[in-house]
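A short write-up of the structure that comes next.
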Amino acid sequence: MLRPAPAVAILPSRGGIVGALSDLFWRKPGLLLFLMLAPPVLWLGIVYLGSLLALLLQSFFSIDEFSGLINRELTLKTYGELFLPANLDIIIRTVTMAAIVTIASAIIAFPIAYYAARYARGKWKALFYLGIMLPLWSSYLVKIYAWKLILAKEGILTWLFEKLHLMWLIDAWLSIPVVGGNSLSVSATGTFIVFVYVWLPFMVLPIQAALERVPGSLIEASSDLGASPAQTFRNVLFPLALPGVVAGSIFTFSLTLGDYIIPQIIGTSRLFIGQAVYAHQGTAGNIPLAAAFTVVPIVVMGFYLWGAKRMGAFDAL
């Protein structure tokens with residue numbers, strides 16, 4: 001009886017350049033890993049970090065008051081200009097708007113995400129994902145200009161309030177100095193509404209993913225032990241969903257900090273950080289001050305992430 005030939009543990013090398021490279025990568029997997037990682041690492045290091053460092057360096061320059069030319073001597077004068085009342089007002093306005101948009105997005109997104117995680121099944125869950133993702137597929141500018149028409153004085157929202165005889169409510173709100181204006185499309189309220197609409201999907205999806213990881217048995221056990229729905233939410237559900245809230249807030253907060261198109265199209269003449277950067281870099285030619293303004297969101301987000309990490313919000317991510 002013939003015995004089968006023993007299996008060959010190592011196949012013979014293939015000829016040609018392809019075969020030689022295949023044998024080389026098989027013997028030295030570290031070399032293959034290096035070649036695969038080198039392009040993205042170089043791109044990140046040169047294009048992203050390099051431009052970021054160049055931006056940081058330019059923020060230490062200043063503008064000569066007489067000639068208007070850039071003085072390339074290192075100084076903190078430009079950062080001192082950030083604390084002038086007009087510039088400080090821009091920073092406070094932007095950070096406040098980003099915080100309010102983040103809180104409002106979390107409040108709106110949580111029940112939507114909870115329903116999708118606990119109750120939506122099959123085609124309803126697919127419909128949920130479609131409804132959340134569909135606005136992201138449309139053009140960013142188209143959505144903003146559509147909201148400008150909706151919020152305009154002759155828009156559909158005003159028409160609806162007139163039909164309901166509630167126009168006095170909008171007029172009373174628009175008469176408030178800080179949040180009002182001639183119409184919703186040229187007010188801080190309109191800017192807030194559009195910010196929440198545009199960034200809401202970035203809050204819903206992380207919260208929904210975090211809630212799906214919460215075992216249903218924990219909620220049932222909390223109820224069996226006599227906890228009220230409010231106590232269950234405060235002591236069980238929200239702490240376990242906090243990583244998703246933090247992940248979503250990173251998107252909504254940082255995107256609001258740097259956006260300049262929404263305040264430019266829908267809002268008042270009061271500037272945000274993104275508009276200030278555009279104005280100083282493109283119109284005024286004050287590149288050092290524009291660079292200093294761009295450092296502000298980076299510093300703010302750095303402190304935010306540091307605080308979130310100290311609270312342990314990233315442990316379950």
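Quick caveat, the model's predicted, so the values are computed rather than measured.
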Q | side-chain hydrogen bond (donor to acceptor under 3.5 Å, both in side chains) contacts touching residues 82-95 (sequence neighbours left out) | A | Asp89-Arg93
Q: Could you check if a side-chain atom of Ile132 sits within less than 4.5 angstrom of a side-chain atom of Tyr129, using non-hydrogen atoms only?
A: no
Q. Would a distance-only check, ignoring hydrogens and angles, find a side-chain to backbone donor-acceptor pair under 3.5 Å from Lys143 to Pro135?
A. yes
**Q.** Backbone N/O of Leu289 and side chain of Thr78: donor-acceptor pair under 3.5 Å
**A.** no
Q.
Looking at Gln275 and Phe272, would you say the former's side chain and the latter's main chain have a donor-acceptor pair under 3.5 Å?
A. yes
Q. Would you call the rings of Tyr304 and Phe253 parallel, tilted or perpendicular, where under 30° means parallel and over 60° means perpendicular?
A. parallel
(Q) Just verifying a value: how many Å separate Leu205 CG and Leu136 CG, rounded to the nearest 0.5 Å? (A) 7.5 Å
(Q) For residues Trp159 and Leu174: do they belong to one hydrophobic cluster (side chain heavy atoms under 4.5 Å, members Ile, Leu, Val, Met, Phe, Trp, Tyr)? (A) yes
Q.
Taking OH in Tyr145 as the centre, count heavy atoms belonging to other residues, nucleotides or ligands within less than 6.0 Å. Is the count above 12?
A. no
**Q.** Same cluster (ILVMFWY, side-chain, under 4.5 Å), Ile156 and Trp173
**A.** no
Q: Indicate yes or no for a side-chain donor-acceptor contact from Thr102 to the backbone of Ala98 under 3.5 Å, with no hydrogens or angles considered.
A: yes
**Q.** Leu37 with Leu42, same ILVMFWY side-chain cluster at under 4.5 Å
**A.** no
Q: Check whether more than 12 heavy atoms from other residues, nucleotides or ligands sit under 6.0 Å from atom CZ of Phe251, and answer yes or no.
A: no
Q.
Closer than 3.5 angstrom, by distance alone: can the side chain of Ser222 be matched with the main-chain N or O of Ile219 as a donor-acceptor pair?
A. no
**Q.** Gap between atom CD1 of Ile103 and atom CD1 of Ile108 - 0.5 Å precision
**A.** 12.0 Å
Q) OG1 of Thr96 to CZ of Phe192: how many Å apart, nearest 0.5 Å? A) 13.0 Å
Q | Nearest heavy atoms of Gly226 and Gln231, plus distance in Å | A | O-OE1, 4.2 Å
**Q.** Smallest separation among heavy atoms of Met203 and Val245, with atom names
**A.** SD-O, 3.9 Å
Q. So, for Pro206 and Pro201, which heavy atoms are closest and what is the spacing to 0.1 Å?
A. CD-O, 4.4 Å
Q) Same cluster or not: are Leu76 and Leu74 linked, directly or through other Ile, Leu, Val, Met, Phe, Trp or Tyr residues, by side-chain heavy atoms under 4.5 angstrom apart? A) yes
Q: Decide yes or no for Phe195 and Thr252: does some side-chain heavy atom of the first lie under 4.5 Å from some side-chain heavy atom of the second?
A: no
(Q) Just so I know, are the side chains of Val194 and Leu151 near enough to count as touching, which here means a heavy-atom distance under 4.5 Å? (A) yes
Q.
Is there a side-chain contact between Pro297 and Val300 in this structure, where contact means two heavy atoms from C-beta onward sitting under 4.5 Å apart?
A. no
**Q.** Closest approach of Ala290 to His280 (non-hydrogen atoms, all atoms of both residues)
**A.** CB-CB, 3.9 Å
Q.
Using side-chain heavy atoms (C-beta onward) and a distance below 4.5 Å, is Tyr115 in contact with Leu211?
A. no
Q. CD1 of Ile261 to OH of Tyr278: how many Å apart, nearest 0.5 Å?
A. 10.0 Å
Q: Any chance you could measure Leu257, atom CG, to Ile91, atom CD1, to the nearest 0.5 Å?
A: 10.5 Å
Q: Heavy atoms only: give me the nearest Thr191-Gly267 pair and the separation to one decimal.
A: OG1-CA, 3.3 Å
Q. Does a side-chain heavy-atom distance below 4.5 Å link Trp168 with Phe161?
A. no
Q. Heavy atoms, side chains only, cut-off 4.5 Å: are Val186 and Lys153 in contact?
A. no
(Q) Show the nearest heavy-atom pair for residues Ser105 and Val196, with the distance to one decimal. (A) OG-CG1, 4.0 Å
Q.
Before you tell me yes or no, could you show the steps for Phe110 and Phe233 under side-chain contact (heavy atoms from CB on, under 4.5 Å), namely the whole-Å CA-CA distance, both residues' side-chain angles and the distance that decides it to 0.1 Å?
A. CA-CA 11 Å; Phe110 205 97; Phe233 173 80; 3.5 Å; yes
Q) Is there a donor-acceptor pair closer than 3.5 Å between any side-chain N or O of Thr189 and the backbone N or O of Val179? A) yes
**Q.** Min side-chain heavy-atom separation Ile63-Pro288 under 4.5 Å
**A.** yes
Q) What is the distance from atom CD1 of Ile193 to atom CG of Leu157, rounded to the nearest 0.5 Å? A) 7.0 Å
Q. For atom CZ of Phe34, is the number of surrounding heavy atoms from other residues, nucleotides or ligands below 6.0 Å larger than 12?
A. no
Q: Indicate yes or no for a side-chain donor-acceptor contact from Asp259 to the backbone of Leu255 under 3.5 Å, with no hydrogens or angles considered.
A: no
Q.
Membership question, hydrophobic clusters at under 4.5 Å side-chain separation (ILVMFWY): are Val198 and Trp137 in the same one?
A. yes
